[in-house]
Each structure stands twice: as C-alpha cells, then as structure tokens.
Protein chains: 2
Amino acid sequence: MEKSTKDKILDVALELFSQKGYKGTSIRMISGKVGIRESAIYNHFKNKEDILDTIVSSLASSSLSLLISQKPINEFALKGKSFLREFAASFKLLSYDNKSEKFFRFMMIELMQSKKIREIFFNDFHKSHLKILSQAFFIMMQEGMIHSSDPMLMAQEFLSPLFFYRMQATILRIDKENSSQVATLFEKHIDFFWEMISTG
Amino acid sequence: MEKSTKDKILDVALELFSQKGYKGTSIRMISGKVGIRESAIYNHFKNKEDILDTIVSSLASSSLSLLISQKPINEFALKGKSFLREFAASFKLLSYDNKSEKFFRFMMIELMQSKKIREIFFNDFHKSHLKILSQAFFIMMQEGMIHSSDPMLMAQEFLSPLFFYRMQATILRIDKENSSQVATLFEKHIDFFWEMISTG
DNA sequence: GTCTATACCCTGATAGAC
DNA sequence: GTCTATCAGGGTATAGAC
C-alpha cells in the first residue's frame with residue numbers, strides 16, 4: 001500500500017510545522033520534501049491554511065482522554081495509585097508517539113500566537129484531563145483513600161509536573177540530548193505525590 | 001528624558017517578537033511602529049539578528065534568581081514556608097512585569113525552534129531556580145522542618161506547577177480573559193505543598 | 001495529477017543624497 | 001541619523017499545457 005500524495009503532504013507538513021511553526025514553513029519546502037512542485041499542492045488542498053486545518057482536526061482531541069473516558073471513572077479511581085500510574089504512563093507514552101510528539105511541539109510554538117491553538121490547548125487538552133483527574137480524586141477522597149482537599153486543586157497540582165516533564169523531555173530530544181533523567185521523573189512524580197496524599 | 005531611537009527600536013521589537021516570534025516580525029513592522037524607515041534601523045543595529053541578541057542578552061538572566069542569590073541560601077531556607085511563599089510571589093510577580101512577561105512569551109514561541117533559546121531556558125532560567133530550591137529543601141530537611149526526600153525531586157515538583165500556572169496566566173491574558181482564578185493557584189500551591197512536606 | 005510559466009507581494013539589506 | 005531608491009530572494013497562489 002503506497003501512501004497517497006495527500007497523506008505524504010500531511011506527514012511532511014506536520015514534520016515541518018513542528019520544527020519551524022506555521023509561518024516558518026513554506027509551501028515550497030513542503031512540496032520539495034514530498035517531491036512535487038508547489039502548484040501540485042493546490043490539487044489536494046485549497047491553500048496553506050487548509051493543510052493546517054486538516055492536521056489540527058485529525059490530531060486535536062487528545063488520545064489520552066479518549067483512552068480513559070471509555071469506561072465510567074469509578075472503576076479507574078478505585079485503583080488509587082495504580083490509576084495515577086496508568087494516567088502518567090499514558091501521558092509519558094504520548095511524548096514517544098511520533099505524531100503526538102510533533103503535534104505537541106507545534107502546539108507549543110503556536111500557543112502564544114494563535115487563538116485557535118490556545119482554545120484547543122485549554123478545551124481538548126487541559127480541561128479534559130483536569131476533569132478526569134478531579135473526578136478521580138473526589139472519589140478517592142470519598143473512599144478515604146487520600147486526604148481531603150480541593151479535588152480540582154489536587155488535579156492541577158498532579159497534572160502540572162506531568163506537563164512540565166513532558167515539555168522538558170521534548171526539548172531535550174530536539175537537540176538529541178539524553179532525556180532519560182527526565183523520563184524517570186514521571187514515575188518519581190507518582191511515588192512522591194501518592195506518598196503525600198494517601199492516608200495509608 | 002526622551003527615549004533614544006535605539007531604545008524605541010528595542011521596545012517595539014520585544015513587543016512584536018513576543019506576539020509573532022522572530023521570523024514573524026519584519027524590519028518593516030518594527031520601523032513602522034517606531035516611526036522611521038526600514039533603512040534607518042541599520043544605523044542602530046547591524047541586522048535583524050543584532051536586535052534580537054541585544055534584547056536577549058539584556059533580559060536572559062532571570063531577575064528572580066538574582067534577587068534571591070544575593071544572600072547565603074541558609075537565611076532564606078530557615079524561614080520554611082515563608083521562603084516558599086516569597087519564591088512563588090517573585091515568580092508570580094514576574095508574570096506581571098511588562099518586559100519579563102514579553103520575554104517569557106517570546107521564549108515560549110522560540111523554545112522549540114531555537115537552540116540558543118533552549119540553552120537560555122535550561123541554564124539561566126530552569127537550572128538556577130532548581131539549584132536554589134534544592135539547596136533550600138536540603139537545609140529544611142536537615143533542620144527537620146520537612147520530611148526527608150530527594151531535594152532535587154522536591155525542587156522539580158515544587159517548581160513545575162509554578163511554571164505551568166505562569167504559562168496559563170500568560171495565555172489567558174493574551175486573549176484578555178480572566179486570569180484571576182489561575183492567579184490564586186500560586187498561593188494555593190504553597191499551602192498545598194507545604195501541608196504535604198512539613199513535619200509540623 | 002503534475003508540470004511550466006507567471007503574477008504579485010513581502011522580506012532583509014545596501015547605496016547614496018541630504 | 002534619516003531619507004529615497006533599489007535590489008535579489010523567497011513567499012502564496014493561479015492559468016493553462018500535457
């Protein structure tokens with residue numbers, strides 16, 4: 001199965017967008033890497049923005065929240081520390097998934113420049129994670145598994161390091177520097193956090 | 001005291017760089033906002049990159065670490081929670097300082113695109129904060145003020161939310177949305193964190 | 001679906017008059 | 001120190017042949 005030209009364009013565009021941002025990537029560069037002329041791009045996409053929109057709408061909704069929100073949250077929350085471990089593992093895995101990683105890099109570049117990306121970041125990315133986590137912490141509190149506190153604050157406090165460690169790992173890997181030390185922080189975060197909140 | 005043309009150029013350039021990034025800002029836009037012709041820019045700076053370098057070298061070293069590393073770290077660390085409160089307050093204040101805020105936005109845009117900015121982020125920004133915090137936590141552990149743990153991990157766990165909350169506040173303010181809810185997170189973070197680590 | 005050719009705009013930068 | 005004039009290069013996009 002050969003990849004269609006359209007898919008090749010999308011792959012190359014995501015690659016370049018994640019390295020140089022939207023404005024820093026030219027139709028010329030995309031077509032050159034795909035192996036066609038600039039004008040041939042316009043047989044597949046209306047214009048440059050159309051390429052971007054296609055990529056964004058296919059990658060915007062976080063695969064993490066989809067993964068978890070399949071079943072009712074109770075089943076997960078009652079697993080306590082294991083739930084947090086699984087959540088963090090999914091989060092960490094995303095930074096090793098090729099497309100997710102590239103989209104994350106692109107999102108970071110555009111976050112301060114594009115309102116559309118900011119909305120995706122908050123709605124699809126951030127809020128959906130906070131919702132799952134705060135619900136889970138609420139249940140854990142009810143069950144007496146963890147100390148009582150504001151579940152939403154706890155969710156923020158739990159999620160922030162995961163985001164920051166992912167960002168650090170991404171940055172280090174750009175320069176092909178060793179990111180294994182940062183990678184261990186994901187697991188250490190779980191141990192540290194659980195140690196602090198658990199009633200055990 | 002009138003501002004010199006050179007300073008006007010630097011101010012306008014930082015403003016635009018923080019909104020559109022380095023590549024997205026043209027000499028024409030800068031000169032236009034300053035009120036001179038493109039060519040007049042070159043009487044003050046060798047080229048576009050020279051403008052950037054001047055800005056970066058004047059804003060790179062975080063004012064926060066300078067503020068704190070004046071005195072030996074012991075004096076601060078022994079204050080326990082108050083030290084953390086002061087640290088977070090300085091961190092929060094930076095996001096309300098006009099130039100610091102603009103430089104932060106610029107740094108976020110360029111983090112995935114420029115190796116130079118990545119080095120500044122890690123060396124001037126991140127590592128210096130981690131060093132201060134880990135030293136402070138180490139002292140607090142010795143004094144029995146907080147539970148024993150890995151001081152560097154604790155520093156990472158303490159700093160990550162501060163960074164993430166600052167980033168959220170910055171993003172919200174771009175769209176002129178209400179950031180007061182995020183602003184309270186800085187203080188809540190201190191209470192939450194201290195509650196967890198203190199032996200009291 | 002891809003090509004050549006072309007239109008037109010924006011970019012950073014320089015030369016030389018004032 | 002600022003201006004006008006000018007340049008080469010790269011940007012998006014379209015028309016029309018194959």
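Below, read A as the first sequence line, B as the second, and so on, with proteins coming before strands; counting in each chain starts at 1.
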Using the six-membered ring of F17(A), assess whether NZ or CZ of K102(A) lies under 6.0 Å from its centre and within 45 degrees of the ring axis.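 No, K102(A) and F17(A) do not form such a contact.
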Atom NE2 of H44(A) and atom C1' of dA13(D): how far apart are they, to the nearest Å?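 Computing the H44(A):NE2 to dA13(D):C1' distance gives 16 Å.
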Mind calculating the distance between CD1 (I41(B)) and C1' (dT4(D)) to the nearest angstrom? 16 Å
R173(A) side-chain N/O to S95(A) backbone N/O, donor-acceptor pair under 3.5 Å: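 Checked: pair present.
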Tell me whether Y22(A) contacts the main-chain N or O of F106(A) through its side chain, where contact means a donor paired with an acceptor under 3.5 Å.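 Not confirmed, Y22(A) side chain does not pair with F106(A) backbone.
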Heavy-atom nearest nucleotide on DNA chain C taken for R37(A) and for I27(B); more 5' hit belongs to R37(A)
Across the strands shown, which category fits T25(A) at heavy-atom distances under 4.0 angstrom: base, sugar-phosphate, nothing?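 Result for T25(A) = sugar-phosphate.
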Under 4.0 angstrom, heavy atoms only, what part of the nucleic acid is S4(B) near: base, sugar-phosphate, or nothing? nothing
So which nucleotide from [options] ends up closest to the side chain of [X]?
{"X": "R28(B)", "options": "dT11(C), dA15(C), dT14(D)", "answer": "dT11(C)"}
{"X": "I36(B)", "options": "dC3(D), dC3(C), dG1(D)", "answer": "dC3(D)"}
{"X": "S39(A)", "options": "dC3(D), dC3(C), dA13(D)", "answer": "dC3(C)"}

Toward the 5' end of DNA chain D, by each residue's nearest nucleotide, T5(B) or K23(B): T5(B)
Check K92(B) with E187(B), please: is the shortest side-chain N to carboxylate O separation under 4.0 Å? yes
Strictly below 4.0 Å: does S26(A) bring a side-chain N or O up to OP1 or OP2 of dG10(D)? no
